[in-house]
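The sequence lines fix the lettering, A, B, ..., with proteins before strands; numbering per chain opens at 1. Computation of the quantities below employed the complete heavy-atom set of this structure, encompassing side-chain atoms and omitting hydrogens, waters and symmetry-equivalent molecules.
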Protein chains: 2
Amino acid sequence: MLTIAQVERETGLSKDVLRVWERRYGFPVPSRDEAGDRLYDAAQVERLRTIKRLMDRGFRPGRLFAMSPEAFEALASAPAAGGPAMALDKACKAAIECILSDDNLGLRQSLNQLLAKQGLQRFVQDTVPVLNEQIGNSWASGRLAVHQEHLYSEEISRLLRSAIGNLPAGNQPPCVLLTTLSGEEHGLGLLMVEGMLAPEGARCISLGLQTPIEEIAMAASAHEIDVLVLSFSVAFPPRRGLAELQRMRAAIPERIEIWAGGGMTRGLLRHKLPGVLWTPELTDCLQRLQDWRIRHAVVV
Amino acid sequence: MLTIAQVERETGLSKDVLRVWERRYGFPVPSRDEAGDRLYDAAQVERLRTIKRLMDRGFRPGRLFAMSPEAFEALASAPAAGGPAMALDKACKAAIECILSDDNLGLRQSLNQLLAKQGLQRFVQDTVPVLNEQIGNSWASGRLAVHQEHLYSEEISRLLRSAIGNLPAGNQPPCVLLTTLSGEEHGLGLLMVEGMLAPEGARCISLGLQTPIEEIAMAASAHEIDVLVLSFSVAFPPRRGLAELQRMRAAIPERIEIWAGGGMTRGLLRHKLPGVLWTPELTDCLQRLQDWRIRHAVVV
DNA sequence: TTTCATACTTTGTCCAGGACAATGTGTTGA
DNA sequence: TCAACACATTGTCCTGGACAAAGTATGAAA
């Protein structure tokens, strides 16, 4: 039995939301302890997690709560649409198998093989997104436990970091600063972008996650950067993303380009923000890099 | 001007706390927008951050708010006591200088040198804590910006990961699982522990940050681990830490040892939890490892 | 048919102020 | 010196009302 604060941490739904849903939709209906405080059982938390996941895909709560249990189940276990059902490489399949069977050494080995075979950029561009999607689907349909997802993230990060670290230090323009805004906790996207740019010799400086806007601005001037890369996961509220991007844009000189990427940006492509370039796909980063170098007449 | 939600994210103080402080202590006193919602200016947010920092050191709000402005200032800029004022290595000083002057290449280079000279374990044990403390003090006294702290964390993590990655894969007992509980976002401690254990040939599996207790239990049985390492930063509420550790202890077989480390544990040493071993210092990990191996008659 | 502006609905966040339990602190007695 | 008690402090939770921003449907004009 979990308290409302624990449920907030585990599902990402704020206490206010949990209470207002209870009032409006009649779900969840937690029991109470002697003091009258809410206590949620595991089943309800599980259901809340599923709902959150579906909302991150664009469904709205009103619909979800109005659905019949069967329809809801079907939706929850259906793979995310839109992703072109790519043919799975045999090696990819092997990696997925390792995750499902908790074979961490095997996983490490198969990822290493894939990376060695494809090279860093192709690995980041083609393989990692496929794996991510597979993992996401398996998670949504309950075939994969949270701890297995954690292990996967950890191993991928480890691998990308070490691959990037083994590259010679980039010292050619542009100078790129990479980070996420406060509230964005997913760092894999950032690492993937770095994996695309670093092999091109760009000078990459990563600040890690959740840097406040004013701080990014200070870092931008301290390091005299040319490009600021910001990553937003699908779970980031698009409206907030747009607002923060505007604040960010106003906080640094126009000379500096902002490249905004990650799942959230896919829904915002038609919103044109002056001085902000959308890079929803990883290949877009390479394109942007090339454009920048041509525009600044940099020969590499 | 920031909304209450933004201040919560940036300071780590919950909305409830912000409102109740306003009611009780008369600080902060945000202005209001047209809708009557609170708007905090930068100065108040800065002050709140300082207060949070002092509270993480053990001060209670009542005291802090009752203090004269001068006394408060003095406290805020004083270095944390308790840390034995260690003599700073010249190389350490150089690294700190690089951070203060935003010289990220120089920083990387000087850290690399220190690591190469000392070896992974000594580096983790002697140098990293000193650097951490220096950074913490500089931050508290305003000499260091948040983005500089971010850069430092990022570079240290990078370095430790790559050093650990270059070790031969540990395949000797015990099998150790490393992670933090939900709510603990600081991962450097975890990496440092891994940096101590991996060179000893222990089989380390890291799940990254914020793994729910039930998931840790599942991972523990899936990987047949011998030891569970949990890291708690100073900012983790001790009371909650104790409660969660008890829940965690009950969720896995007694056979598995739990090693709890990090700043929070320093205040809990006299609380004896059966089956939980405190490892407040990094050297304690090595001691525990040796103990474990002797007790299980493992010859390495 | 498409595009755009307008009105309606949904939904997350905020507010006030009361309540309470857990923790810290100080005092008394053994 | 230590244990037990009472008192003060402090974070979290509660209810239920309010509102604005985002999404959605409707209808007019191109």
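- Across the protein-nucleic acid pair, Leu18(B) atom CG and dC15(C) atom C1' stand 14 Å apart, rounded to whole Å.
- Among residues two or more places apart in sequence or in another chain, the side-chain contact (heavy atoms from CB on, under 4.5 Å) test is passed with Glu215(A) by Thr211(A), Pro212(A), Met218(A), Ala145(B), Val146(B), His147(B).
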Nucleotide by nucleotide, nucleotides 7-12 of chain D touches protein heavy atoms under 4.0 Å in the pattern (B base, S sugar-phosphate only, - none) ---BBB
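- With sequence neighbours left out, the side chain to side chain donor-acceptor pair (under 3.5 Å) criterion links Arg38(A) to Glu22(A).
- Counting heavy-atom neighbours within 6.0 Å of Arg63(A) CZ, excluding the residue itself, gives a total of 12 or less.
- Remark: Phe65(B) pairs with Trp21(B), Tyr25(B) by the ring pair (Phe, Tyr, Trp, His ring centres under 6.0 Å) rule, at least two apart or across chains.
- Along DNA chain D, the nucleotide nearest Ala35(B) and the nucleotide nearest Glu22(A) are compared for position; the residue whose nucleotide lies closer to the 5' end is Glu22(A).
- Near DNA chain D, meaning a heavy atom under 4.0 Å away, there are no residues from residues 36-45 of chain B.
- Distance Leu2(B) CG to dC14(C) C1': 16 Å, rounded to the nearest Å.
- Across Val229(B), Ile252(B), Ile216(B), a single residue satisfies side-chain contact (heavy atoms from CB on, under 4.5 Å) together with Leu177(B), and that is Ile216(B).
- Rounded to an integer number of Å, the gap from Glu8(A) CD to dT13(C) C1' is 13 Å.
- Rounding to the nearest 0.5 Å places OG of Ser14(B) at 9.0 Å from CD of Glu8(A).
- For Val234(A), the side-chain contact (heavy atoms from CB on, under 4.5 Å) criterion is met by no residue, not counting sequence neighbours.
- Nearest-nucleotide mapping onto DNA chain C: of Glu34(A) and Arg19(B), the residue sitting toward the 5' end is Arg19(B).
- One finds a side-chain N or O of Arg32(B) lying less than 4.0 angstrom from the OP1 or OP2 phosphate oxygen of dA16(C).
- As rounded to whole Å, 19 Å separates atom P of dG12(C) from atom CD of Gln6(B).
- Scanning both residues, Thr180(B) and Ser231(B), for their nearest heavy atoms gives CG2-O, 3.7 Å.
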